[in-house]
Amino acid sequence: MSAPPVDRAPLSAECTLALRPGYRGLHRECRQTRDVPLPHGRGLLLQRRCGCGCHGKG
């Protein structure tokens, strides 16, 4: 039996690059630490939070 898929947001550009050797410090530059709702969008998101585990839960 396999584990169920995890619904995780995609990584930001900074966290994607931080996975490469020599760029680990870019995790600090990520600004997508929370969801940004679309004004008057009734739950639609303008920008999703980064799915990187370095941001913790929240």
Side-chain angles (χ1 to χ4, degrees):
M1 215 186 231
S2 63
V6 176
D7 184 24
R8 182 171 270 207
L11 299 180
S12 67
E14 293 86 359
C15 287
T16 300
L17 188 55
L19 296 174
R20 303 187 108 195
Y23 291 95
R24 185 150 178 80
L26 281 179
H27 283 291
R28 290 188 301 270
E29 302 299 320
C30 181
R31 301 293 182 248
Q32 290 178 232
T33 56
R34 61 183 179 88
D35 289 336
V36 178
L38 182 67
H40 310 289
R42 298 182 183 180
L44 294 175
L45 295 177
L46 182 62
Q47 176 178 297
R48 287 184 72 178
R49 65 179 170 79
C50 178
C52 185
C54 73
H55 302 303
K57 295 186 181 199

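- In terms of hydrophobic clustering, with Ile, Leu, Val, Met, Phe, Trp and Tyr side chains grouped at heavy-atom distances under 4.5 Å, Tyr23 and Leu19 are assigned to different clusters.
- Taking CG from Leu11 and NE2 from His27, the interatomic distance works out to 8.5 Å, rounded to the nearest 0.5 Å.
- Of the inter-residue distances, the one linking Arg34 atom CZ with Arg49 atom CZ reads 12.5 Å to the nearest 0.5 angstrom.
- Looking at Asp35, its side chain never comes within 3.5 Å of a backbone N or O of Arg48 through a donor-acceptor pair.
- We find the CD-CZ distance between Glu14 and Arg28 to be 12.5 Å, quoted to the nearest 0.5 Å.
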If you apply the rule side-chain contact (heavy atoms from CB on, under 4.5 Å), what do you find for Cys52 with Cys30, and how did you get there? CA-CA 10 Å; Cys52 185; Cys30 181; over 6 Å; no
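- Here the closest heavy-atom approach between residue Ser12 and residue Cys50 is recorded as N-SG, 3.2 Å.
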